[in-house]
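Side chains are part of it too, since the values below use all heavy atoms of this structure and drop only hydrogens, waters and symmetry mates.
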Amino acid sequence: MTSWIKDAMRHGRKLGGACGVRRGRGVSARWRAMRGAAADAGMSTAEYAVGTVAACGFAAVLYKVVTSAAVSSALTGMIKKALDVSF
């Protein structure tokens with residue numbers, strides 16, 4: 001046993017569950033205790049919308065770059081060069 005468990009048992013203290021919640025109170029009490037600590041951990045709906053629009057814009061720009069004539073010919077040249085290598 002670790003020292004804090006021995007200390008708690010010696011002084012007659014109850015051992016708590018996750019996040020200091022006593023055992024027997026159920027999962028919902030533990031969930032509420034953990035949720036309060038990380039209330040601002042996620043994004044709001046507006047931030048999701050802005051992030052989605054930005055990702056779609058980046059995808060559109062990337063698609064246009066990759067399908068352009070210059071990039072397409074460069075990729076085709078690299079593939080042909082790789083396939084023509086003799087061993």
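Atom CD1 of residue Ile79 and atom CG of residue Asp84 lie 11.5 Å apart, to the nearest 0.5 angstrom.
Counting all heavy atoms, side chain and backbone alike, Val66 lies closest to Val71 at O-CG1, 3.7 Å.
The cluster map of Ile, Leu, Val, Met, Phe, Trp and Tyr, joined by side-chain heavy atoms under 4.5 Å apart, puts Tyr63 and Phe58 in different clusters.
Between Leu75 and Ser72, every side-chain heavy-atom pair lies at or beyond the 4.5 Å cut-off.
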